[in-house]
Amino acid sequence: MSSIAIPLRSLLQNPSTIKSKHHAKQLHAQVLKTEGSSSSLMATILSIYSHLGFLHESLIIFNTFTSLPTIIAWKSIIRCYTYHGLFKDSLTCFSNMRASGKHPDHNVFPSVLKSCTGLMDFKLGESVHGCIIRLGVDADLYTGNALMNMYCKFQSMDEGFDSQRFGSGNVDLVYEKIPERKFERSLDSEMDVEKGPHPRSLKVLGKNENQLLVIGGVTPRRRKDMVYIESVKKVFDMMPCKDIVSWNTVIAGYVHNGMCEEALRTVREIGKANVMPDSFTLSSVLPIFAEYVDISRGKEIHGYTLRHGFDSDDFIASSLIDMYAKCTRVDDSLRIFHLLPQLDVISWNSIIAGCVQNGLFDEGLKLFRQMLTAKVKPSNLTFSSIMPACAHLTTLHLGKQLHGYITQNGFDKNVFIASALVDMYAKCGNIRIARSIFDKMVSPDMVSWTAMIMGYALHGHANEALLLFHKMKMENVRPNYVAFVAALTACSHGGLLDEARMLFNCMIEDYGISPGLEHYAAVADLLGRAGKLEEAYEFISKMHIRPTGSVWATLLSSCRVHKNIELAEKVGEKVFQIDPENIGAYILMSNIYSSAGRWKEAAKMRVAMKGRGMTKKPACTWIEVKNKIHAFVAGDRSHPYYDRINEALKVMMEQMERKGYVLNTDDVLHDVEVEQKRSLLCSHSERLAIAFGIISTPSGTTIRVTKNLRISPFQGWEVFLWRLLVKVVQVPAYYSKPRNTNTHTNKGVHTGKESQCKSLSPTDAALFLLNQMQLGAYS
DNA sequence: TTAGGGTTAG
């Protein structure tokens, strides 16, 4: 109650000393009691409420003015509307203020410009700029900064259009710059539209050639060839005095438009202008070094932040986390993350994305779970970052639960998330759901198409993949490097040599994309598999980039299939030369010798492998049963159900042989007797996993097995399983590490009641679901 | 009045 002691007049003259709502209300009451309710007094009270951000109280005063509101009252209410994101109301007020004959002064424009920015109203923003120039307030620092910020946002909005396709809006108008003399009318008529029967809704859907497409109403299209970054520069250069905000704004503008060199040049000028860079400057500059993968300059900035006490700034921290992660130094990202005193959704997103992008899928999932435990509500970016982890780990149950959460919270409209879902379902072996999500997308972008095409490719549906690829081009979505990888992969899996050759040439000639290792590897693989071994050899030899060991190893495997030992030895030499640690090549050479009966040379290869300390990565197959991962390696007897699996295998094998199935022992390349080969085949990891799936699920259930190595198609085995009415889906788990064989032991089973879900908040529900995911099984 | 994070890659 100390405020009572301070004279009322003094308080009213220094409204900034009022810090709380309670305090403001007290003053309001006191004024009404002792001083009356004159317009100017009430305007002062209004400005106090407005500065504290109390819209309701501000409006009560504003709406009780009997005479015309003073300029202070107008400015306060405009400011308060903008502060609350009520941009339309703010601009309506501005228009009404103009109509009432009041002249806006310099400190109303920052709010008005912010409202134009919030609505992405290009036309109105430029009109307001005209007004600012006409009133001669363009030299004002805050107004100049707000102008630059507005043009920066307009520019980035523009940039966004180029990479996406959009549906058509219902109205679009050609916009031409309004001559200044027409300014007043145009601004006011704009407001009439606002209030009229066709409310102005500025939901911008996108750009089409040279049109801006919007939904809901009259909206200008940007002037052709308008580059807003030029306006930013112009305003910046014209500003008579600049502060660090001005510098930061123009730098951020450059960074967002990919003008990294311009941004860095401007940063260097800051020093000359006698201004000190602050945390805003630093967090704008860091993404440049992430983009350039320039760890040394990034580290310099990191050092600067530490020396200047910015180390607990979460904006800088998330930029640093991202920068280190993009430079593949995710350990440094984690270190910074764990030192942060407080974590917001973006810090979490940055570290989760950093882990997933660097292949630390388990770590990413662990952090995601921790994020929910910390009661931080995930955003759409969280999901598009975490989903690839499910995709790469091929954990369908986890992906499905995330999908449920995503749908519940309406995140599934986001093109990033939808693409990630398509990819996840495809990688986890559920191509149908992947397709249905893809089909529901309103405007799939190139990444969405590519994910779907790659999904078909991985599932061996080559024709479907190529059909989509052509459809994508028909829809004017331009394929990039990765899209061609997907299409060529489809050809490679489908044995479509001619199509692959066509695509390969089309990529170079029509799209100007220079082929990378993946493209070369796909074509080389196809040539090899078609038996054109010499041509494949020529093709690889003539690559314009240096072939890696694995490209040659592709040909080596073709040599094995076509039993060409001479060429195999030549190719083997190449691999050993380029990549002496390539285990695959030793195994292939050993197998090539084995199948030719040259056991001694095969043994030599194995000895060479051992001599180099290399061991073959065991083939591992895993299967999800009741949300638990069960992993098997050949001959593994540690599973609790091992005896029952073995029993089931025996019964099935008998049934199969009775139906005429002949076990193919040719593929077993060990120097052992037939009976032993038979036993080796039966203890094969895939068969163990499938047998386990059959005995632990009801008849007719889809059995989805995942392998760490490339999958060879089922033969008689598959036919038999189909007869059992069990559908078997095979999923190759590229890039994922083989599971520890102990994962089937019973760890951390959740016994919570499902009904709890209903009364929980979305975050709690997700947390509850995740608790059931038994992430312990992977870590 | 200024700042940070995301999807596809045999």
Side-chain angles (χ1 to χ4, degrees), chain A residues 82 107 109-111 113-114 117 140-150 152-153 243-253 255-256 278-287 290 313-323 325-326 344-354 356-357 379-388 391 414-424 426-427 444-455 457-458 479-486 488-493 516-522 524-526 550-551 554 710 732 734-735:
Chain A
T82 305
N107 49 25
F109 284 110
S111 295
L113 290 168
K114 192 176 183 176
T117 311
D140 176 59
L141 175 66
Y142 280 58
T143 305
N145 288 345
L147 269 172
M148 286 196 294
N149 180 48
M150 179 182 78
C152 282
K153 297 285 153 61
D243 66 354
I244 187 64
V245 175
S246 327
W247 289 95
N248 289 342
T249 308
V250 75
I251 290 166
V255 174
H256 280 291
D278 65 359
S279 63
F280 285 76
T281 327
L282 300 172
S283 66
S284 296
V285 170
L286 279 167
D313 183 291
D314 46 351
F315 275 83
I316 293 184
S318 57
S319 296
L320 279 171
I321 289 169
D322 184 54
M323 188 272 296
K326 296 236 164 76
D344 68 1
V345 61
I346 296 177
S347 332
W348 283 105
N349 286 351
S350 308
I351 193 66
I352 290 170
V356 175
Q357 285 160 2
S379 69
N380 50 10
L381 270 91
T382 322
F383 291 109
S384 45
S385 305
I386 199 68
M387 198 54 74
N414 180 296
V415 68
F416 285 80
I417 293 182
S419 304
L421 278 170
V422 167
D423 178 55
M424 185 277 294
K427 287 225 175 72
D445 66 4
M446 191 261 299
V447 174
S448 329
W449 286 92
T450 305
M452 194 64 240
I453 293 165
M454 186 56 95
L458 295 180
N480 73 345
Y481 185 100
V482 187
F484 276 101
V485 171
L488 285 169
T489 303
C491 296
S492 156
H493 285 210
L517 278 174
E518 299 97 325
H519 307 112
Y520 280 120
D525 180 46
L526 272 165
S550 57
V551 174
T554 311
R710 187 179 177 132
Y734 298 120
Y735 306 115

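Chain letters run A, B, ... following the sequence lines, proteins first and then strands; every chain starts at 1. Because only heavy atoms are used, hydrogens play no part in the values below, and waters and symmetry mates are left out as well, while side chains stay in.
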Colleague: Would you say A/Lys153 reaches B/dA3's phosphate, i.e. side-chain N/O to OP1/OP2 under 4.0 Å?
Modeller: yes
Colleague: Could you state the atom-to-atom distance from CG of A/Asp445 to P of B/dG6 in whole Å?
Modeller: 15 Å
Colleague: Which one, B/dT7, B/dG4, B/dT1, comes nearest to the side chain of A/Val245?
Modeller: B/dT1
Colleague: Rounding to a whole Å, what distance do you find between A/Leu286:CG and B/dG4:P?
Modeller: 11 Å
Colleague: Under the 3.5 angstrom rule, does the side chain of A/His256 hit a backbone N or O of A/Lys153 as a donor-acceptor pair?
Modeller: no
Colleague: Suppose we call a contact any N or O donor and acceptor under 3.5 Å apart; does that hold for the side chain of A/Ser319 and the base of B/dG4?
Modeller: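 Donor-acceptor pair under 3.5 Å: no.
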Colleague: Rounded off to whole Å, could you give me the CZ-to-C1' distance for the A/Phe280 and B/dG4 pair?
Modeller: 11 Å
Colleague: Going by modelled atom types, is there a donor-acceptor pair between the base of B/dA3 and the side chain of A/Ser284 at under 3.5 Å?
Modeller: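 No, no donor-acceptor pair under 3.5 Å.
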Colleague: Over how many whole Å does the gap from A/Ile321 atom CD1 to B/dG6 atom P extend?
Modeller: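 To the nearest whole Å, that distance equals 11 Å.
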Colleague: Which listed nucleotide (B/dG4, B/dA3, B/dT7) is nearest to the side chain of A/Pro388?
Modeller: B/dT7
Colleague: Kindly give the heavy-atom pair with the smallest separation between A/Ala522 and A/Ser492, and that separation in Å.
Modeller: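 Looking at all heavy atoms of both residues, the shortest contact is O-CB, 4.1 Å.
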Colleague: Considering every strand and a 4.0 Å limit on heavy-atom distances, what is the contact class for A/Ala353: base, sugar-phosphate, or nothing?
Modeller: sugar-phosphate
Colleague: Answer with base, sugar-phosphate or nothing: what part of the nucleic acid does A/Ser279 contact at a heavy-atom distance below 4.0 Å?
Modeller: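 Base contact - A/Ser279 has a heavy atom under 4.0 Å of at least one base atom.
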Colleague: Rounding to a whole Å, what distance do you find between A/Trp348:CH2 and B/dG4:C1'?
Modeller: 17 Å
Colleague: Can you tell me which nucleotide in B/dT7, B/dG6, B/dT2 comes closest to the side chain of A/Ser419?
Modeller: B/dT7
Colleague: I want to check one thing: is the phosphate of B/dT2, taken as OP1 and OP2, less than 4.0 Å away from some side-chain N or O of A/His256?
Modeller: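 So the side chain of A/His256 is outside the cut-off, no N or O lying under 4.0 Å from OP1 or OP2 of B/dT2.
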Colleague: What pair of heavy atoms forms the shortest contact from A/Ala391 to A/Lys427, and how long is it?
Modeller: O-CB, 3.5 Å
Colleague: Determine whether a donor-acceptor pair (N or O, by modelled atom type, separation under 3.5 Å) exists between the side chain of A/Asn480 and the backbone of A/Ala483.
Modeller: yes
Colleague: What residues form a ring pair (Phe, Tyr, Trp, His ring centres under 6.0 Å) with A/Phe280, not counting sequence neighbours?
Modeller: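 Checked A/Phe280 against ring pair (Phe, Tyr, Trp, His ring centres under 6.0 Å); zero matches.
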Colleague: Classify A/Thr143 by what it touches in the nucleic acid, base, sugar-phosphate, or nothing, heavy-atom distance under 4.0 Å.
Modeller: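 No contact at all - A/Thr143 keeps every heavy atom at 4.0 Å or more from the nucleic acid.
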Colleague: In whole angstroms, how far is the C1' atom of B/dA9 from the CE atom of A/Met387?
Modeller: 19 Å
Colleague: Which of these nucleotides, B/dT8, B/dG4, B/dT2, is closest to any side-chain atom of A/Ser318?
Modeller: B/dG4
Colleague: Reckon A/Lys326 has a side-chain N or O less than 4.0 Å from the OP1 or OP2 of B/dG4?
Modeller: no
Colleague: Which one, B/dA3, B/dG6, B/dT2, comes nearest to the side chain of A/Phe315?
Modeller: B/dA3
Colleague: Report yes or no: is there a donor-acceptor pair, N or O only, under 3.5 Å between the side chain of A/Ser283 and the base of B/dG4?
Modeller: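 Absent.
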Colleague: Given atom CD of A/Gln357 and atom C1' of B/dT7, what is their separation to the nearest angstrom?
Modeller: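 Interatomic distance, CD of A/Gln357 to C1' of B/dT7: 10 Å.
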Colleague: Send over the distance from A/Ile316 CD1 to B/dT2 C1', rounded to a whole Å.
Modeller: 13 Å
Colleague: By centroid distance (under 5.5 Å) and plane angle (under 30°), are A/Tyr142 and B/dT1 in a stacked arrangement?
Modeller: yes
Colleague: Please confirm whether any donor atom in the side chain of A/Thr249 sits under 3.5 Å from an acceptor in the base of B/dT2, or the reverse.
Modeller: no
Colleague: Identify whether any heavy atom of A/Ser350 sits under 4.0 Å from a base atom; if not, whether one sits that close to sugar-phosphate; answer base, sugar-phosphate or nothing.
Modeller: sugar-phosphate
Colleague: Quick one: list whatever passes side-chain contact (heavy atoms from CB on, under 4.5 Å) with A/Ser384, sequence neighbours left out.
Modeller: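 So A/Ser384 forms a side-chain contact (heavy atoms from CB on, under 4.5 Å) with A/Phe416, A/Ile417.
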Colleague: Which nucleotide, B/dA3, B/dA9, B/dG6, lies nearest any side-chain atom of A/Val482?
Modeller: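 Within the option list, the nearest is B/dA9.
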